[in-house]
Peer 1: 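Right, I'll just put the structure down here and ask away after.
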Amino acid sequence: MHNSESAVYEQFDDRTQQHEASNLGMWIFLATEIMFFGGVFTGYTVYRNLFMTAFEAGSHLLNARIGALNTVVLIGSSLTMALAVHAAQLGKRKLLMIFIVSTMCLGGVFLYIKFVLEWLHEYHDGLAPGLHWTYAGPQSGHVALFFVFYFILTGIHATHMIVGEGIMAVLLYMAWRGRFSKERYNPIEMFGLYWHFVDIVWIFLFPLLYLLGAHF
Amino acid sequence: MAEHIAPRKLYIFVFLGLLVMTVLTWQIAYIDLGKWNTVVALIIAIFKASLVVTFFMHLRWSHSMIRLVLFAAIFWLAIMITLTVGDFFSRSNEQPWQASYTVSQPMVSSVKR
Amino acid sequence: MSSSEVAITPRVHYLNVDYGIKSWLLTTDHKRIAWMYLMSITFFFAIGGVAATLMRLNLVEPQGLLVEPETYNKLFSTHGIVMVFFFLVPSIPAVLGNFLIPMMLGARDVAFPRLNLLSWYVFMTGGSFVLYALIAGGVDTGWTFYTPLSSMYLNTHVMAAASGIFIAGFSSILTGLNFVVTIHKMRAPGLTWFRLPLFIWAMYASSIIFIIATPVIAISLALIVIERFFHVGIFDPALGGDPILFQHLFWFYSHPAVYVMILPSMGVMSELVTAFSRKKIFGYHFVAFSSVAIAAIGFLVWGHHMFVSGQSIYAGLVFSALSFAVAIPSAVKVFNWTATLYKGSISYEAPMLYALGFIGLFTIGGLTGLYLAATALDQHVHATYFVIAHFHYIMVGGAVMGYMGGIHFWWPKMTGRLYPDGWARVAAIIIFVGFNLTFFPQFILGYLGMPRRYAVYPPEFQTLNVISTAGASILGLGYIIPLIYLAWSARYGAPAGPNPWKATGLEWTTSSPPPTHNFEETPVVTEEPYGYDRIAEEIQVA
Amino acid sequence: MPHAFPLFPQQASTVAPAVDHLFWFLTAVSVFFSALIFLLIFYFAIKYRRRSQDEPPPKNQVINNIPLEVTWTVIPMILVAIMYFWGAEIFVRNAQPPPNATEVFVIGKQWMWHIEHTNGKREINALHIPEGVPVKLTMTSQDVIHDFFVPAFRVKNDVLPDRYTTEWFEATKVGKYHFFCNQYCGMGHSLMRGWVYVMTPEDYEKWLNSGVTGETMAEQGEKLYHQYGCITCHGTGKGPAFVGLYGKPVRLDNGQTVIANDAYIRESILFPSAQIVNGYPAIMPTFKGQVTEEQVLQLTAYIKSLGSKERNTGTP
Ligand code: HEA
Ligand code: HEA
Ligand code: CUA
Ligand SMILES: [Cu+2]
């Protein structure tokens, strides 16, 4: 058990070293995440340039308004997350819990919109390659390719969010048990980095998936 | 901890900035800029991402090592994309299939709806 | 060691602080985790080796001595997958790296000990998926998983194998992450970057590759699984995709991965060559930075596996030029090691035999890499036995030799006991001879045009294949001998004492085996590594 | 019983000697450096061996020598630069089939090679070609990736599904040579091989015209043109006429211009909606799944036979 006074693991000399180490570790982890998404982005870039018109046709089948709405929701959750870290830095336990809960809620809203208002619809409309594909317009195969990438990218992104919700539940419990303090809030800060990263991925996914070609 | 604590107001401003840019990028999609639509959208996305990284993720107050890590990841990602895409768009006519897409003005997109 | 000193084993050390299966499975001690990796990868090496033996036996007859082509395909796929992902990639980093990095840095443990344990579990989970795939009937994709063959045509256990590698990839990522943070943040007072042993530099460079490249193989295999499961066309041209995209993603990882396999061995080399010639390394900065240069440039050359794949010829030319560029830092290393021997005080214990073997065989393997990097020559030898010979020279002759040398060098530190050096030297020589007999004929076979992954082949290639198989049996014997005497010595060997080789380096300043937290008190470093000229004075005083 | 056992492959094409010269150059460099390093190691190892256990380690050790470092960086650099340009020159040459090359069509499928000559003559797992005439293979696959490799010619190239790749060579010696599938393609990979027969041009001519069905590829293509109803549009003005199409630029409805080569025609038949000719409606149905790769090649041959005279229809 580590209470807030002796919050340094035995392999470290002091708290600064420990904090710097976990911060660096987290950023390196995010670097691997960049490369992980990067693999799919590479494929996306190639196909998007090869099959320009098909990808635009596919993009037009998505609802840009919902996409924009979801962007706002996710940015909002990023704000509440930043404020949660802020509250943790100041050692305000109650505020911290409030902000964690609001982040979780906003994340939940995002996932609800994603699954229920988008994926489910796309599935019913026959826009789910491999499962239910009825699109019969020109270049159906390459439009399907767009949707494959759409589902993979949003799917991996949503998986990250679900994992994030789980971690937040744990953090909330820890906060409730008073495990954090002005001196010890490392986990909150590290998780914040993760959550903001997931937000950034979406910031790129939104234009790349929803806004291809002019929508006039 | 020797951590920088940013004022809460700053976070709110950043949030507002992100909001404005989201609306902007969404609305610009309804204006026909030809191939520039994608470019503009990406530029805005990069701006948004930098805001998040700099302020929400505290890069502004972080050790330079952290910046190096971020730079390295972006750098290698850029290499992966550039060299891969470079192959696809430099295939000669003798190895065609894709080649026919690139004879002239490959980037023009003018879908009629 | 001089017999006058009495080597003593400390009463309490990391191996006997507590007993029982739980004290191992739940340990966060980097040294014990290293042992768990050692056991696991030896197991995987045996699997890969058995597959290799069967393959070589089959190739004695042009029509196939033992098995049907279908089974042969499973054998080389198993061999490649297991040897690369479950033996060689984790070998030096996860065993010697885990054991030594904290000690060389004067730290109590790695930065994230629990993460370290987690990576072992992740590794074993991945391993069990692959074992499942093998037991359930095998997989015949080749280790390269080329699409659309793997994603649409084969009906073996591709998903299980791909998922296994996907999972094991995260173990690499976590290990690399742990090492980078440890090297950055856990160095003892006074241990500046240019006072680090070169092994640390090499591990640092390979960790970078782990971090940047591994996620890409993870995602590309995930995409194969998705394509297979949902029957959507990510890489299958029949459904609109492009198979060459997969090759790009695969080699973006797998080329840097070959440097992950060789860089740690190169790090070991720098330690061995200095210790057994009692000299400072020649050109420290050049050796250190060439590791980083190999890691960095190594990311730019992956297309050299695709010269004849239908990739654009312009891309081929660029990748060819970059591949030649990456050979230069390797050359620099070889020359610096050779120069280190100059005017040394050289002795020939087993680790040094492995080291000299490494330099020779790596040189040959690397130089034949140049043939492959030359576009027009690759157009002839691509995917022939010439390639097989090239990479076995580097991976078996180079990386595995380095691994064996490292294990022999640090074995006394890990167990506190000495192994019989005579046996070890004999084994090293058997391995060297068997190795050359196995793989040199394959260069000739390759230039003659014998394609790889051939279960049956035209009869005029038989003689060379028989020679190769004969060599392989000698080689296999050579690997079994160390297995026996090392196991024996762990129990019955003579106590080693803290520094049996009279080597420099922080790991030799603590007892053998070391205490759980490595050092009685945090060491302070005041000078460059490999201070063998200083030891000179000490020995003279004594 | 062990056969005669060669150590070096036969040279039977114009590029083979060029590739071999490069090979010997690299071998010379490799032998030189390997020998250099081996000899140095042996020499040092013997000269500086430790003579007694307590021999004091050397003092005043040389540990740096910048001129030396520069030397052994720069010399390899120069050598690899030579290797690079030498290899690249041959590689680029190999990528450019001479325009007068005889065309042969190769279709790979699990696990056999199907080969067709322009006059309609077909063969399986065998390729007959004339000596002293450049031959260009246009290759495609019906399933997975294969690779067409002729060791005696020192050339190979992958054969991809849904795509044409090419490879060319000019045989210089009459004889019988192996060709192999050199890209792992599943169970029968190692059985997917055959023989290249290089014949004198006269023998070749005789062989080519013996036992032919009587129809060239173009004639077969013309039949298909009627059979699949291409004529109902392309012969009536509903679709662009084929006369003079081959090799000419085509304007598409999105403003791009493409060259009507094999790949374009193949795509027009199998994925008609990918590229729409300017001024025509996108009514052409896909023939994917109806025509085989072989038939596509025949249709292409037919369209090619209609010449590349000035086009009178098609591009308004
Ligand atoms: C540890 C593993 C390892 C290492 C370190 C290397 C190192 C190199 N490899 Fe190798 N390679 C593999 C493992 C490795 N390779 C594997 C597994 C494959 C096959 C994969 C598959 O298809 O299954 C492969 C395949 C492969 C190919 C593709 C072949 C094909 O499929 O057609 C190529 C092509 O360029 C290549 C090139 C090189 C080069 C230029 C180096 C260089 O880094 C070598 C540099 C070293 C030296 C040059 C020697 C030392 C220098 C001197 C002694 C001084 C003199 C030097 C000069 C004159 C320059 N390799
Ligand atoms: C790290 C990598 C590594 C290592 C160590 C080896 C080791 C060996 N390899 Fe392999 N090899 C590869 C990586 C490696 N290989 C790869 C990546 C491929 C390409 C696969 C593909 O095409 O997809 C390949 C392919 C390959 C082929 C070509 C197959 C083909 O294309 O048709 C051949 C053929 O000779 C071969 C032979 C050998 C031999 C004889 C050894 C020997 O060195 C092995 C010696 C070891 C032993 C003989 C085991 C020792 C015994 C024990 C440990 C005791 C345990 C046993 C019991 C108790 C029962 N390997
Ligand atoms: Cu076809 Cu291998
Ligand atoms: Cu490589």
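Computation of the quantities below employed the complete heavy-atom set of this structure, encompassing side-chain atoms and omitting hydrogens, waters and symmetry-equivalent molecules. Here is how names work: the chains are called A, B, and so on, in the same order as the sequence lines, proteins then strands, and each is numbered from 1. For clarity, every value in this text was computed on a predicted model and none was experimentally measured.
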Peer 1: What part of A:Ala21 gets closer than 4.5 Å to chain C, counting heavy atoms only: side chain, backbone, both or neither?
Peer 2: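 Both parts, heavy atoms under 4.5 Å.
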
Peer 1: Taking the side chain as every heavy atom from C-beta outward, state whether C:Tyr253 and A:Met35 have any atom pair closer than 4.5 Å.
Peer 2: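 Contact flag for C:Tyr253/A:Met35 side chains = no.
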
Peer 1: Out of curiosity, C:Ile234 CD1 to A:Tyr47 OH, how far, rounded to the nearest 0.5 Å?
Peer 2: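 The OH atom of A:Tyr47 is 8.0 Å from CD1 of C:Ile234, to the nearest 0.5 Å.
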
Peer 1: Using non-hydrogen atoms and a 4.5 Å limit, figure out which bit of C:Phe246 sits close to chain A: side chain, backbone, both or neither.
Peer 2: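 Neither; nothing under 4.5 Å.
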
Peer 1: Taking the side chain as every heavy atom from C-beta outward, state whether C:His184 and A:Leu24 have any pair of such atoms under 4.5 Å apart.
Peer 2: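 Yes, close enough: below the 4.5 Å cut-off.
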
Peer 1: To the nearest 0.5 Å, how far apart are CH2 in A:Trp27 and CG in C:Leu177?
Peer 2: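 Taking CH2 in A:Trp27 and CG in C:Leu177, the distance rounds to 13.5 Å.
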
Peer 1: Just by distance, do the side chain of A:Gln17 and the backbone of C:Lys185 share a donor-acceptor pair under 3.5 Å?
Peer 2: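 Checked: pair present.
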
Peer 1: Rounded at 0.5 Å granularity, tell me how far CG in C:Leu239 sits from OG in A:Ser140.
Peer 2: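 So the gap between those two atoms works out to 10.5 Å.
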
Peer 1: What option among C:Ile211, C:Leu249, C:Asp109, C:Val216 has the most heavy-atom pairs under 4.5 Å with chain A?
Peer 2: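 Highest number of heavy-atom pairs under 4.5 Å: C:Ile211.
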
Peer 1: Under 4.5 Å from any heavy atom of chain A, what part of C:Phe170 do you find: side chain, backbone, both or neither?
Peer 2: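 Just the side chain, heavy atoms under 4.5 Å.
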
Peer 1: C:Ile212 versus chain A, heavy atoms under 4.5 Å apart: side chain, backbone, both or neither?
Peer 2: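 When you check distances to chain A, atoms from both the backbone and side chain of C:Ile212 fall under 4.5 Å.
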
Peer 1: So for C:Ile173, is it side chain, backbone, both, or neither that comes closer than 4.5 Å to the heavy atoms of chain A?
Peer 2: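 Just its side chain gets close to chain A.
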
Peer 1: Looking at chain A, which one of C:His517, C:Glu227, C:Met186 has the largest number of heavy-atom pairs inside 4.5 Å, strictly under?
Peer 2: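 Highest number of heavy-atom pairs under 4.5 Å: C:Met186.
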
Peer 1: Can you say whether A:Leu131 sits under 4.5 Å from chain C via the side chain, the backbone, both, or neither, judging by heavy atoms?
Peer 2: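 Answer is side chain: those atoms of A:Leu131 sit under 4.5 Å from chain C.
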
Peer 1: What part of A:Ile34 is in contact with chain C, defined as an atom under 4.5 angstrom from a non-hydrogen atom: side chain, backbone, both or neither?
Peer 2: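 It is neither, since no heavy atom gets under 4.5 Å.
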
Peer 1: So how far is it from A:Tyr44 OH to C:Leu245 CG, rounded to the nearest 0.5 Å?
Peer 2: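 Taking OH in A:Tyr44 and CG in C:Leu245, the distance rounds to 14.0 Å.
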
Peer 1: Quick check on A:Phe37 against chain C: is it the side chain, the backbone, both or neither that has a heavy atom closer than 4.5 Å?
Peer 2: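 Neither part, no heavy atoms under 4.5 Å.
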
Peer 1: Quick one: does C:Val232's side chain get under 4.5 Å of A:Leu145's, heavy atoms only?
Peer 2: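 Side-chain contact under 4.5 Å: no.
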
Peer 1: Any non-hydrogen side-chain atom of A:Ile152 less than 4.5 Å from a side-chain atom of C:Ile226?
Peer 2: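 With C-beta onward as the side chain, the pair touches.
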
Peer 1: Does any backbone or side-chain atom of C:His248 lie under 4.5 Å from a heavy atom of chain A? Answer side chain, backbone, both or neither.
Peer 2: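 For C:His248, no heavy atom lies under 4.5 Å from chain A.
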
